[in-house]
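See structure below.
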Amino acid sequence: MNKSKTKAEKLHLSRVAGLGCIVCKNLGHEDTPAEIHHCSKGTGLSVRADNFHVIPLCHFHHRAGGHGKAVHAGRQTWENNFGTESELLVQVLYELGGEV
Ligand SMILES: [Zn+2]
Ligand SMILES: [Zn+2]
């Protein structure tokens, strides 16, 4: 099996990263440089490849921020603070223009 990313996936990942951190954006800080975070679950609306279940997060909100700030330090608390991965994923897709 070829597990490399398709062209569509690569394009999507670069567009997602180009949005900047979605949490920072919602806090009023635009265009914070972002890393790709793979969501643990989809939107529930459809089944897509893993590389479409991604949201842009800055280093702080992704890994470095500690419990309640970084999603990898405790997703439940993070989702209580900033919104669920599913909600943010929907927002990301919307901001990209609704077509993936
Ligand atoms: Zn951030
Ligand atoms: Zn991640």
Side-chain angles (χ1 to χ4, degrees):
M1 286 294 284
N2 179 6
K3 297 197 74 177
S4 66
K5 298 181 182 71
T6 66
K7 262 186 186 169
E9 285 173 325
K10 282 182 191 163
L11 177 64
H12 183 69
L13 291 173
S14 68
R15 290 178 74 206
V16 168
L19 286 176
C21 175
I22 196 72
V23 171
C24 286
K25 187 191 283 286
N26 289 343
L27 294 174
H29 309 293
E30 295 284 330
D31 296 330
T32 310
E35 308 171 342
I36 293 293
H37 170 66
H38 285 81
C39 296
S40 55
K41 51 186 183 276
T43 60
L45 299 174
S46 60
V47 178
R48 293 180 192 275
D50 275 354
N51 284 311
F52 291 102
H53 285 144
V54 294
I55 56 176
L57 294 174
C58 65
H59 191 61
F60 183 84
H61 286 126
H62 192 203
R63 302 175 187 281
H67 191 76
K69 303 289 188 199
V71 64
H72 285 290
R75 189 162 56 86
Q76 196 64 59
T77 313
W78 186 90
E79 289 192 332
N80 289 340
N81 288 343
F82 303 121
T84 66
E85 286 180 340
S86 299
E87 288 167 351
L88 294 170
L89 180 58
V90 168
Q91 183 187 347
V92 165
L93 297 178
Y94 178 80
E95 298 212 9
L96 286 176
E99 43 94 24
V100 184

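Atoms within each ligand, like the ligands themselves, are counted from 1 in listed order. For the numbers below, each heavy atom of this structure counts, side chains included, while hydrogens, waters and symmetry mates do not.
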Atom name, His37 (N, O or S, nearest to the Zn ion (ligand 2)):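 Output for this pair reads ND1.
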N, O or S atom within His72 nearest to the Zn ion (ligand 2), by name: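 The atom in question is NE2.
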Atom of Ala70, atom of Ala64 and distance for their closest heavy-atom approach: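 The pair with the smallest heavy-atom distance is CB-N, 4.0 Å.
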Closest approach of Thr77 to His67 (non-hydrogen atoms, all atoms of both residues):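 Looking at all heavy atoms of both residues, the shortest contact is OG1-NE2, 2.9 Å.
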Number of protein N, O or S atoms [distance to the Zn ion (ligand 1) under 2.8 Å]: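 If we list every protein N, O or S atom nearer than 2.8 Å to the Zn ion (ligand 1), we get 4.
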Pair His61 + His37: ring centers closer than 6.0 Å: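 Judged by ring-centre distance (under 6.0 Å), His61 and His37 do not meet the cut-off.
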Sub-6.0 Å ring centroid separation between His38 and His53: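 No, the ring centres sit 6.0 Å or more apart.
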Which residues share a side-chain contact (heavy atoms from CB on, under 4.5 Å) with Gln76, sequence neighbours left out: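 Only Glu79, Asn80 meet the side-chain contact (heavy atoms from CB on, under 4.5 Å) criterion with Gln76.
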Whether Trp78 side chain and Lys69 backbone form a donor-acceptor pair below 3.5 Å: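 Flag set: sc Trp78 to bb Lys69 pair under 3.5 Å.
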Pair Glu95, Gln91: side-chain N/O donor-acceptor within cut-off below 3.5 Å: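 Indeed, the side chains of Glu95 and Gln91 share at least one donor-acceptor pair under 3.5 Å.
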